[in-house]
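Just so it is clear, the structure is predicted and the values come from calculations on it, not from any experiment. In this chain, residues are counted from 1 in sequence order.
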Amino acid sequence: MPDTSTRPQTAAATADAGESVPLLTIDGSRATIRLNRPQHLNRLHPEDVAELSRHFAQIEQDRSIRVVVLTGTGRVFGAGYHLGELAEQRKNTDTTAVNDGPYQDTAFERMCDALEDLRAPTICRLNGSVYGGATDVALCCDFRVGVDTCEMFMPASRLGLHYYRRGIVRYASRLGVGAAKKLFLTAQTIKAPEMLRIGYLDEVVPAAELDATVDQLADILAAQAPVAVEGMKRSINEYGRQAFDHEGVNARHAQSLRSEDILEGVTAWHEKRKPVFQGR
């Protein structure tokens, strides 16, 4: 689908084509968010994190959006969080509060959690390599499709950083304990075939096939029943982070049985046609 919106956009989305905070475009049922600092390999600054959070909030409220694609401008998907900002956090950290007080999550952590918890299914279109905190941003997405030249590394141990809780949970639950240890503890670079093998990438394609592959997956996801998709995504995410809500799962199951979507789905099945779901 083209990156053109059918609805009014934020100021950032209508900004000049130069480097900027992440851009949001909406085309029918698909929203696309593009990291847009190619000269800095799409390094994330505090203002980028804030803009991403605003985009996620807008998407969450717009029930007509059924799939989200996250990608980057240029040859790299993302170079992670600005190390200068990380150093500033260290300088401003109250050591006593960290050791003795309740943990205070950062804006970056909250942004990642909001992406993982988005109602609509998400695809990370990895137009290139991914490093540092951007590896967790991609991992927050439900699917990752990458070019065959991409690579990744997580330098936390090289920087002296213990990663935040839900980032650790995402790595260990989605990639396995062994892969998480290798990536976090060695800070080694791995390339596309290994990224595919450990499950970081769902599909690896030549650059010329990236758009068609992502478009096909986005169209498939957007065509499914939204009530069922949203509920099952939430339930699976809860299970993955060992926070399975049995009553919540039962309630979502019951909601799907009461929905108009299930009537349309069953009718379309018998009539041998594609269903047209309304998300109700």
Next on the checklist: Are C150 and M195 packed together at the side-chain level, in the sense that at least one heavy-atom pair is separated by less than 4.5 angstrom?
Outcome noted: yes
Next on the checklist: Measuring only between side-chain heavy atoms, which start at C-beta, is R166 closer than 4.5 Å to D136?
Outcome noted: no
Item to check | E19 side-chain N/O to N36 backbone N/O, donor-acceptor pair under 3.5 Å | outcome: no
Next on the checklist: What's the separation between atom CD in Q58 and atom CD1 in I65, rounded to the nearest 0.5 Å?
Outcome noted: 6.5 Å
Item to check | Rounded distance (nearest 0.5 Å) linking atom NE2 of H55 with atom CD of E60 | outcome: 15.0 Å
Checklist entry - Hey, mind stepping through V137 and L70 against side chain to side chain contact (heavy atoms under 4.5 Å, CB included) and telling me if it holds? => result CA-CA 9 Å; V137 174; L70 176 64; 3.6 Å; yes
Item to check | Considering all heavy atoms, the nearest T149-S129 contact | outcome: O-OG, 4.2 Å
Next on the checklist: Minimum heavy-atom separation for A120 and V68, please, with both atom names.
Outcome noted: CB-CG2, 4.2 Å
Next on the checklist: One pair to check against side chain to side chain contact (heavy atoms under 4.5 Å, CB included): C141 and L115. What are the steps and the verdict?
Outcome noted: CA-CA 7 Å; C141 293; L115 173 56; 4.1 Å; yes
Checklist entry - Does Q61 use its side chain to pair, donor to acceptor, with the backbone of A57 at less than 3.5 Å? => result no
Item to check | Pairwise distance OG(S20) to CD(E51) - rounded to 0.5 angstrom | outcome: 8.5 Å
Item to check | Contact summary for V69 and A218, nearest pair of heavy atoms | outcome: CG2-CB, 4.5 Å
Checklist entry - How long is the span from the CG atom in D142 to the CG atom in L118, to the nearest 0.5 Å? => result 8.5 Å
Next on the checklist: Side chains of I33 and I59, heavy atoms from C-beta outward: is any pair under 4.5 Å?
Outcome noted: yes
Checklist entry - Between D48 and P22, what is the shortest heavy-atom contact and its length? => result OD1-CD, 3.4 Å
Checklist entry - Between the side chain of R144 and the main-chain N/O of C124, is any donor-acceptor distance below 3.5 Å? => result no
Item to check | Same apolar cluster: V147 and I198, side chain cutoff 4.5 Å | outcome: no
Item to check | E194-Y200 side chain donor-acceptor pair, cut-off 3.5 Å | outcome: no
Checklist entry - Between R234 and E230, is the closest basic N to carboxylate O distance under 4.0 Å? => result no
Checklist entry - Do M152 and I123 sit in the same hydrophobic cluster, where Ile, Leu, Val, Met, Phe, Trp and Tyr count as joined when their side-chain heavy atoms come under 4.5 Å apart? => result no
Next on the checklist: I'd like to know if K233 and E116 make a salt bridge, using a cut-off of under 4.0 Å between side-chain N and carboxylate O.
Outcome noted: no
Next on the checklist: Check for me, please, whether I190 and Y163 land in the same ILVMFWY cluster - side-chain distances under 4.5 Å, paths through other members count.
Outcome noted: yes
Next on the checklist: Any heavy-atom pair between the side chains of D202 and L217 that's under 4.5 Å?
Outcome noted: no
Checklist entry - Below 4.5 Å, heavy atoms only, C-beta onward: do L183 and Q188 meet side chain to side chain? => result no
Item to check | Other residues, nucleotides, ligands: >12 heavy atoms within 6.0 Å of R75 CZ | outcome: no
Checklist entry - For the hydrophobic clusters of this structure (ILVMFWY residues joined by side-chain heavy atoms under 4.5 Å, transitively), does one cluster hold both F143 and L201? => result no
Checklist entry - Taking the six-membered ring of F56 as reference, does the NZ or CZ atom of R119 fall below 6.0 Å from its centre and within a 45° cone about the axis? => result no
Item to check | Charged N-O contact under 4.0 Å between R165 and E109 | outcome: no
Next on the checklist: Between F153 and I168, is there shared hydrophobic-cluster membership here, with clusters defined by ILVMFWY side-chain heavy atoms closer than 4.5 Å?
Outcome noted: no
Checklist entry - Under 3.5 Å, is there a donor-acceptor pair between the side chain of N127 and the main chain of T71? => result no
Checklist entry - Is NZ or CZ of R43 both nearer than 6.0 Å to the six-membered ring centre of Y81 and within 45° of the ring axis? => result no
Checklist entry - Got a salt bridge between R125 and D215, using NZ or NE/NH1/NH2 to carboxylate O under 4.0 Å? => result no
Checklist entry - Under 6.0 Å from the CD atom of E209, do we count more than 12 heavy atoms belonging to anything else shown? => result yes
Next on the checklist: So that I can tick it off, tell me whether K191 and D148 are bridged by a salt bridge, with the cut-off set at under 4.0 angstrom between side-chain N and carboxylate O.
Outcome noted: no
Checklist outcome for this item: Rounded to the nearest 0.5 angstrom, the CZ-CG distance for R170 and N237 is 9.5 Å
Next on the checklist: Contact between L35 and F77 at the side-chain level, heavy atoms closer than 4.5 Å - yes or no?
Outcome noted: yes
Checklist entry - How about L44 and L52: do any of their side-chain heavy atoms sit closer than 4.5 Å? => result yes
Checklist outcome for this item: Looking only at heavy atoms, the pair that brings S157 and F184 closest together is OG-O, 3.0 Å
Next on the checklist: If you define the side chain from C-beta out and look only at heavy atoms, does anything of P226 sit under 4.5 Å from D261?
Outcome noted: yes
Checklist entry - Are any of the side-chain nitrogens in R110 or D117 under 4.0 Å away from the carboxylate oxygens of its partner? => result no
Checklist entry - Where is the tightest heavy-atom contact between A179 and L175, given as atom of each residue plus distance? => result CB-O, 3.5 Å
Item to check | Spacing of CG belonging to L126 relative to CG belonging to L210, to within rounding of 0.5 Å | outcome: 8.5 Å
Next on the checklist: I'd like to know whether T135 forms a side chain to side chain contact (heavy atoms under 4.5 Å, CB included) with Y171, so could you lay out the CA-CA distance, the side-chain angles of the two residues, the decisive distance to 0.1 Å, and finally the verdict.
Outcome noted: CA-CA 10 Å; T135 65; Y171 261 79; 2.6 Å; yes
Next on the checklist: For a side chain to side chain contact (heavy atoms under 4.5 Å, CB included) check, start with the C-alpha distance between E151 and Y131, then their side-chain angles and the critical distance, and finish with the verdict.
Outcome noted: CA-CA 8 Å; E151 63 182 27; Y131 307 113; 3.1 Å; yes
